[in-house]
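Starting from 1, each residue takes its place in the sequence as its number.
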Amino acid sequence: MRKLLYIIISACLLTACELETPSNGDFDVNWQLRQVDTLATGGRCDMTYSYIYWAVESHVLLVRDIDNENLKIVFHFDKSADKIWIYNPNFWVTKDELIPLENDSLLTPLGIMGIRDTFNIEKLNHSNLVVQNRAYKLHFRKY
């Protein structure tokens, strides 16, 4: 009787859990920013030695700038085959504390044009990511 009770409880717990997490394919990794192209001027900025990273998992994007006092901004995002929509940015203060970002001036040096931004995916494979918003084309490598 006791074994049957454990089986029933285990089955109930397993059915209550979400065992499958959304997969973003090759996008779900850590990316290092390598180059920024300015669309208006045609200029290029070599970011090979920058410490700007995008960490992607499920529906969360962590943008991290180690050179800027280890700035961490967490976005929610939606992705289709050819677009990424980022929104709802928050400062990551600690693993348990997020503060909503209301001033988007910190985002421009990261290649992000505002609290909500849309990127067209130009290239996405197991080692490279190229995305473009209305002002910049960002080139990343898998890290």
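Neither side chain, N30 nor Q32, offers a donor N or O lying under 3.5 Å from an acceptor on the other. No side-chain N or O of D96 forms a donor-acceptor pair with one of T94 less than 3.5 Å apart. Side-chain polar atoms of H139 and D37 form a donor-acceptor pair below 3.5 angstrom. No hydrogens or angles considered: nothing links the side chains of K79 and N24 as a donor-acceptor pair under 3.5 Å.
In this structure the side chain of N90 never reaches within 4.5 angstrom of the side chain of I99, judged on heavy atoms. The closest side-chain heavy-atom distance from W54 to I86 is not below 4.5 Å. Under the 4.5 Å side-chain criterion, counting only non-hydrogen atoms from C-beta, R141 is not in contact with W31.
Of all heavy-atom pairs between N133 and T118, the closest is CB-O, 3.3 Å.
Between H76 and Y87, the two ring planes are parallel [angle under 30°; tilted spans 30° to 60°].
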For residues 121-130, please give each side-chain donor-acceptor pair under 3.5 Å, one per line with the distance, not counting sequence neighbours.
unit_1, atom_1, unit_2, atom_2, d
E122, OE1, K137, NZ, 3.1
N125, OD1, S127, N, 2.9
N125, OD1, S127, OG, 3.4
N125, OD1, N128, N, 2.7

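S58 places no side-chain N or O within 3.5 Å of a backbone atom of V60 that could act as its donor or acceptor partner. Not a single donor-acceptor pair under 3.5 Å links the side chain of S50 to the backbone N or O of R34. The closest donor-acceptor contact from the side chain of D117 to the backbone of M113 lies under 3.5 Å. Side-chain atoms of T38 never come within 3.5 Å of backbone atoms of T41 as a donor-acceptor pair (strictly under, hydrogens ignored).
Ring to ring, F77 and F27 are close: their centroids are under 6.0 angstrom apart.
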